[in-house]
Amino acid sequence: MSGYSTIEVDTGRMCMTDITSQVRRIVKDSGVTDGICVVFSKHTTAGITINENADPDVQTDMLHGLDMAFPDRPEFRHMEGNSYAHLRTSCVGPSTSVIVSDGDLVLGTWQGIYLCEFDGPRHRKVLVKVVEG
Ligand code: ZN
């Protein structure tokens with residue numbers, strides 16, 4: 001038995017996928033009532049963030065904003081040609097942590113956990129570890 005769970009996501013070219021329900025299911029199945037849940041992306045061109053889950057335009061605007069902040073540039077040297085995706089990934093970060101209380105994630109009303117794809121479409125793996133404490 002591995003010490004963590006894996007969520008697999010097939011992504012689009014550039015998108016944010018809400019994985020909150022899958023993470024919540026892993027927390028419930030873990031049997032942990034009070035502790036910490038760590039959500040970690042194993043990838044260098046896809047990150048993890050928590051943001052609004054009510055208006056889908058927020059996700060569209062976030063992706064657009066990151067596109068404007070970190071555009072592709074002719075002076076980039078990385079031979080794979082996706083340095084913009086590496087920059088966006090480090091900006092949002094590879095992981096997040098959420099408090100677990102009463103066997104559930106403690107999230108704000110409008111918060112969801114997202115896998116952010118910056119260089120898809122790809123098959124992505126997100127690791128989830130729930131720790132009692
Ligand atoms: Zn690359």
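Quantities reported herein were computed from a predicted structural model and do not represent experimental measurements. Every number for a ligand or one of its atoms is a count from 1 in the order of the listing.
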A.B. asks: Looking only at side chains, do D18 and T20 share a donor and an acceptor under 3.5 Å apart?
C.D. replies: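 Present: a donor and an acceptor within the cut-off.
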A.B. asks: If I take every N, O or S atom of T45, is at least one of them less than 2.8 Å from the Zn ion (ligand 1)?
C.D. replies: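 Within the cut-off used here (under 2.8 Å), T45 places no N, O or S atom near the Zn ion (ligand 1).
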A.B. asks: Yes or no on side chain to side chain contact (heavy atoms under 4.5 Å, CB included) for V98 and I36, after CA distance, side-chain angles and deciding distance?
C.D. replies: CA-CA 6 Å; V98 181; I36 291 285; over 6 Å; no
A.B. asks: Under 3.5 Å, is there a donor-acceptor pair between the S30 and R25 side chains?
C.D. replies: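 On atom types as modelled, these side chains do not qualify, holding no pair under 3.5 Å.
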A.B. asks: What is the NE2(H86)-the Zn ion (ligand 1)-OD1(N82) angle, to the nearest 10 degrees?
C.D. replies: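 That angle is 90°.
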A.B. asks: Name whichever N, O or S atom of E80 ends up nearest to the Zn ion (ligand 1).
C.D. replies: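 Going through the N, O and S atoms of E80 one by one, OE1 ends up nearest to the Zn ion (ligand 1).
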A.B. asks: Less than 4.0 angstrom from a charged side-chain N to a carboxylate O is my criterion; do D67 and R88 meet it?
C.D. replies: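 A salt bridge is present here (some side-chain N lies under 4.0 Å from a carboxylate O).
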